[in-house]
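Scroll down for the structure; my scribbles are underneath it.
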Amino acid sequence: MHTEKVYDVSPPKLIGRTVHAVLTSYNIDVDPLVVERSVSEIPRSYGGDYGIPIMRFLRQVKDSQEKNKIVNEIIERLKSEPTVRNAVFVRGYINVDLDVSSLAKIVFEAVRHDGKEYGYVKTSRPQRIVVEHTSANPVHPLHIGHARNMSLGDTLAKLLRARGHKVQTRYYINDAGRQMAVLVYGIKMLGSYSPPKNVKIDHWLGLVYAITHTLVDVLTLKKEVERLREKGGEEYREKLSELDKLMAVLARLRERDPALFDKLAQAISSDPNPEESIAEIMRKYEFRTDEEIVKLTRRIVEDCLKGFKETMRRMGVDVEVWDWESDLIWSSMVAKILEEARKSPYFTIHKGAPALNLASLQEDPEIAEKLELPKSFKIPSLILARSDGTTLYTTRDIAYTIKKFREFKADKVINVIAAEQRLEQLQVRLALIALGYKHEGFNLIHYAYEMVSIPGMSMSGRRGEYITLDELIEAAIKRAREEVDKRQPDLPEDERQKIAEAVGIGAVRYSLVSVAAQKPLTFNLEEALNFERNSAPYIQYTYARAHNILAKYGKPIPWDQIDYSAAEENELRRTLVIQASMFPYIFAKAADELKPELLVAYINRLADVFNKWYPQDHVIREPDEGKRAFKLALTKTVETILENTMRILGIPVLERL
RNA sequence: GGGCCCGUAGCUCAGCCAGGAUAGAGCGCCGGCCUGCGGAGCCGGAGGUCCCGGGUUCAAAUCCCGGCGGGCCCGCCA
């Protein structure tokens with residue numbers, strides 16, 4: 001693969017390798033990665049393109065003659081590299097001026113031969129990796145938070161695959177547990193399961209769930225208030241105001257479907273003990289003692305997933321394996337975990353329930369370090385089962401983790417799960433280690449992401465307060481359509497709509513992976529669809545421009561007629577070549593560090609430079625054949641990188657928009 | 001009460017783990033230019049106590065300690 005050659009001569013690799021080799025020959029021991037990462041882009045006015053603060057590595061060298069000798073040797077070695085024009089020592093830095101003509105030759109050859117694979121440097125240590133993502137509970141429709149999850153998960157999977165890993169994607173269907181039982185209870189209260197045809201099924205189920213959940217909460221809270229009335233005081237007033245708020249939620253829910261609401265309200269209020277009815281459904285499903293409940297639950301979940309899959313398909317997201325939580329229980333995998341726990345030295349009884357004492361594991365320094373445990377915080381004991389024998393989410397998650405590792409013979413499992421589940425995810429890893437599943441415990445990665453907020457909107461699935469992802473997609477497409485109608489009024493209607501869909505979807509995905517996962521993200525539709533800057537449409541547009549310049553030329557790129565000296569004639573051409581040479585490096589870094597946002601920042605910058613370049617340095621009208629060949633190759637290179645990045649980010653590639 | 005994450009220009013964000021030159025982009029704002037390979041154009045400018053206070057270091061946005069502000073978590077929920 002020619003991409004490897006580009007990777008090797010990319011400035012951080014080249015300079016890092018050279019510096020490290022010389023330092024090592026002088027018995028200066030430094031981490032090659034630290035050296036490589038000290039290489040940074042510098043302003044041209046510093047006399048080069050990339051620089052490295054060399055003095056920080058020469059601290060231990062006391063003799064200044066010796067220092068000079070080392071610096072000079074590094075400079076000489078760098079100068080002997082074909083892609084280096086000059087290297088100088090300035091104010092503690094070694095600055096490298098690149099020979100962009102030689103660099104261009106290497107980059108163009110790679111683009112020419114690797115094409116759609118250009119930039120996808122293969123790892124030297126391929127692994128088997130499971131990426132679990134989306135995994136929304138099948139009780140309400142997907143919303144913007146799930147969209148961040150699926151965009152990150154799908155992008156990571158594509159990124160790791162392109163890097164040469166074997167990747168499997170999985171979705172965990174949480175069909176056991178209380179939430180599901182609440183929805184099933186609601187459906188049962190309606191008498192028969194007959195969802196309306198004119199509403200998307202997951203949206204309707206979400207409404208039933210929200211109404212049922214809130215009604216049950218209100219009844220429970222009312223009893224509580226009743227009980228506290230005599231006593232009065234702070235607690236009573238708090239519960240009372242909580243009840244007020246819930247009543248307001250109920251009123252809003254009723255507006256959405258009065259008939260459905262009234263039917264549920266009447267049925268539930270005539271149930272003497274809804275909490276017990278829900279618990280009973282949960283038991284019947286988990287212990288599989290009531291085939292009717294099993295069938296109904298499965299049918300509801302299947303229906304809800306149909307809705308999810310439709311939304312995911314629109315987002316361009318595909319998951320390979322769908323795992324049912326209930327299958328883990330029924331296949332006795334969860335029972336086995338419980339059994340193993342009982343035999344483990346960490347087993348304990350906590351508040352009368354079987355549990356694992358995880359705090360004692362914290363004392364092991366290896367575990368504390370590898371799992372990055374908080375120091376002055378005692379991990380609470382993990383309760384494994386309810387007193388009625390039903391299992392708990394975390395216990396089932398332990399079994400599921402083992403399943404994921406086993407079935408794919410995975411080296412690593414990446415769970416894309418909200419940051420609010422940090423403690424739970426930590427407990428899973430600790431529990432695995434406690435039960436002797438060390439490989440699993442140490443190689444389970446919680447890829448945590450923070451919440452997505454939409455200005456002026458608070459969200460709660462239990463209360464039915466959310467903007468669904470479907471609505472968001474529609475809004476994005478509608479907004480995109482307005483722009484497309486403005487720009488391309490002559491295109492046929494159906495084509496404009498197709499373009500608008502590709503633009504809308506791309507815009508949502510781009511903005512959801514553009515911010516580092518551990519930061520809270522504010523989603524702004526207008527910004528996501530800003531056609532002018534830092535957005536998927538902007539990248540799609542830039543691609544289309546590059547593509548159409550090449551289409552206008554109409555012939556194959558004359559690779560063999562390129563005059564490489566053209567590279568040095570224009571600053572923007574130089575910058576583009578250097579940026580193009582950085583693509584494999586950025587790609588590898590994004591994959592290895594699980595940071596898709598690096599790719600987003602990179603591609604945005606490349607588009608900026610390209611958009612600045614082509615209007616002022618005409619490609620097709622270039623009279624000199626060799627120079628025109630160079631410009632065509634450069635355009636092809638940019639087009640290729642844009643396309644190869646969009647493919648990873650799941651942004652549809654369009655030839656016109 | 002404890003733990004985790006975040007805090008950088010008016011706004012949205014890079015940079016922080018792996019300390020180094022004058023802290024970067026984009027939006028917005030101000031002032032100019034422009035008839036284009038698809039105007040979704042170009043050039044210039046202003047704008048910063050890198051949340052605060054200590055410490056380590058030749059050197060701190062970056063590391064350590066102590067605060068402040070925001071979010072999340074600490075359930076026989078998921």
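Predicted, not measured: the structure shown is a model, and the values here were computed from it. When reading the values below, keep in mind they use all heavy atoms of this one structure, side chains included, and skip hydrogens, waters and symmetry mates. Protein chains get the first letters and strands the later ones, always in sequence-line order, with residue 1 at the start of each.
When the P atom is used for both B:A61 and B:G54, the distance is 14 Å, rounded to whole Å. One P atom belongs to B:C16, the other to B:C6, and the distance between them is 12 Å to the nearest Å. Taking the P atoms as reference points, B:C64 lies 16 Å from B:U57, given to the whole Å. A distance of about 15 Å separates the P atoms of B:C42 and B:A25, rounded to the whole Å. A gap of 13 Å separates the P atoms of B:G67 and B:C4, to the nearest Å. Separation of the C1' atoms belonging to B:C65 and B:G26 is 36 Å when rounded to the nearest angstrom. Of the P atoms belonging to B:G47 and B:U62, the separation is 24 Å, rounded to the nearest Å. When the P atom is compared between B:C63 and B:C30, the two are found 38 Å apart, to the nearest whole Å.
Ring orientation note: the planes of A:Tyr393 and A:Tyr172 are tilted relative to one another, at an angle of 30° to 60°. Ring planes of A:Tyr543 and A:His547: parallel class, angle under 30° (limits at 30 and 60°). Classification of the A:Tyr171-A:Trp322 ring pair by plane angle, with boundaries at 30° and 60°, yields parallel.
Partners of A:Asp617 by salt bridge (Lys or Arg N to Asp or Glu O under 4.0 Å), not counting sequence neighbours, listed by chain and number: A:Arg573, A:Lys631. By the side-chain contact (heavy atoms from CB on, under 4.5 Å) test, A:Pro53 pairs with A:Ser38, A:Arg56, A:Tyr93, sequence neighbours left out. Taking A:Glu655 as the reference, nothing meets the salt bridge (Lys or Arg N to Asp or Glu O under 4.0 Å) condition, with sequence neighbours excluded. Partners of A:Lys370 according to the salt bridge (Lys or Arg N to Asp or Glu O under 4.0 Å) rule, which considers only residues two or more places apart in sequence or in another chain, are A:Glu366. Partners of A:His146 by ring pair (Phe, Tyr, Trp, His ring centres under 6.0 Å), not counting sequence neighbours, listed by chain and number: A:His143. Applying the salt bridge (Lys or Arg N to Asp or Glu O under 4.0 Å) test to A:Arg37 and every residue at least two apart in sequence or in another chain returns A:Glu593.
Comparing atom distances between the A:Asn548 side chain and each of B:G38, B:G26, B:U22 picks out B:G38 as nearest. Taking every side-chain heavy atom of A:Ile549 into account, B:C37 is the closest of B:A78, B:A40, B:C37. Listed nucleotides B:C37, B:A21, B:A78 differ in distance to A:Ile620; the shortest reach to its side chain belongs to B:C37. Side chain of A:Ser45, nearest nucleotide from B:U22, B:C37, B:A78: B:U22. Of the candidate nucleotides B:C77, B:A40, B:C74, B:A40 has the atom lying nearest to any side-chain atom of A:Leu657. Here the side chain of A:Phe531 is nearest to one of B:A18, B:A40, B:C77, namely B:A40. Of the candidates B:A21, B:C43, B:C73, the closest approach to any side-chain atom of A:Glu420 belongs to B:C73. Candidate nucleotides B:G38, B:A78, B:A18 were compared by shortest atom distance to the side chain of A:Lys589, and B:A18 ranks first. Residue A:Lys552 places its side chain closer to B:G38 than to any other of B:G38, B:C77, B:G41. Picking from B:C37, B:C76, B:A78 the nucleotide with the shortest atom distance to the side chain of A:Val619 gives B:C37.
Rounding to whole angstrom units, OH of residue A:Tyr543 and C1' of B:G38 are separated by 16 Å. In this structure, CD1 of A:Ile173 is placed 17 Å from P of B:A78, rounded to the nearest angstrom. Between the P atom of B:A78 and the OH atom of A:Tyr400 lies a distance of 17 Å, rounded to the nearest Å. Counting to the nearest Å, the P atom of B:G38 and the OH atom of A:Tyr538 are 17 Å from each other. One atom, OH of A:Tyr602, and another, P of B:G26, lie 17 Å apart when rounded to the nearest Å. For the pair A:Asn149 CG and B:A78 P, the computed distance is 19 Å after rounding to whole Å. Going from atom CH2 of A:Trp613 over to atom P of B:C37 covers 13 Å, rounded to whole Å. Taking atom CZ of A:Arg656 as the reference point, atom C1' of B:C37 lies 15 Å away to the nearest angstrom.
For the pair A:Glu276 and A:Arg283, the salt-bridge criterion is met [side-chain N within less than 4.0 Å of a carboxylate O].
Residue contacts shown for A:Arg545 include a base, since a base heavy atom lies under 4.0 Å away. Among the atoms of the strands shown, none is found under 4.0 Å from any heavy atom of A:Gln616. Within 4.0 Å (heavy atoms only), A:Arg605 reaches no atom of the nucleic acid at all. Contacts of A:Asp617 with the nucleic acid, taken as non-hydrogen atoms under 4.0 Å apart, include base atoms. Residue A:Asp175 is classed as having no contact, given no heavy-atom separation below 4.0 Å to the nucleic acid. A:Leu384 comes within 4.0 angstrom of nothing in the nucleic acid, heavy atoms only. Nucleic acid contact for A:Glu483: none, since no nucleic acid atom lies under 4.0 Å from a heavy atom of the residue. If you check every strand for non-hydrogen atoms under 4.0 Å, A:Arg462 touches nothing. Residue contacts shown for A:Glu593 include a base, since a base heavy atom lies under 4.0 Å away.
Sorted by first and then second residue, the salt bridge (charged side-chain N to carboxylate O under 4.0 Å, His left out) pairs involving residues 42-53 of chain A (not counting sequence neighbours) are A:Arg44-A:Asp49, A:Arg44-A:Asp97, A:Arg44-A:Glu571, A:Asp49-A:Arg574.
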Any protein N or O atoms within reach of nucleotides 58-60 of chain B? Criterion: under 3.5 Å, listing atom names and distances.
none

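Put simply, A:Tyr541 rests on the base of B:A40: the two rings are less than 5.5 Å apart at their centres and nearly parallel, under 30°.
For the OP1/OP2 pair of B:C77 and a distance below 4.0 Å, the side-chain nitrogens and oxygens of A:Arg178 include no atom meeting the criterion.
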Original post:
Which letter, B, S or -, goes with each nucleotide of nucleotides 4-16 of chain B from 5' to 3', with contact meaning a protein heavy atom under 4.0 Å?
Top reply: SSSS----SSS-B

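For the pair A:Lys627 and A:Phe630, the NZ or CZ position fails the cation-pi test of under 6.0 Å to the six-membered ring centre and within 45 degrees of the ring normal.
In this structure, B:G66 forms a base pair with B:C52, meeting either the Watson-Crick or the G-U wobble geometry with both donor-acceptor distances under 3.5 Å. Checking B:G1 for Watson-Crick or G-U wobble geometry (two distances, each under 3.5 Å) identifies B:C74 as its partner. Look at B:A25: its Watson-Crick or wobble partner, with both distances under 3.5 angstrom, is B:U12.
In this structure, CG in A:Asn530 is found 9.5 Å from CG in A:Asn524, a value given to the nearest 0.5 Å.
Residue whose closest nucleotide on RNA chain B sits further toward the 5' end, between A:Ala419 and A:Leu33: A:Leu33. For the pair A:Gln488 and A:Lys351, both in contact range of RNA chain B, the more 5′-proximal nearest nucleotide belongs to A:Gln488.
Taking the ring centroids of A:Phe583 and A:Tyr602, they lie under the 6.0 Å cut-off.
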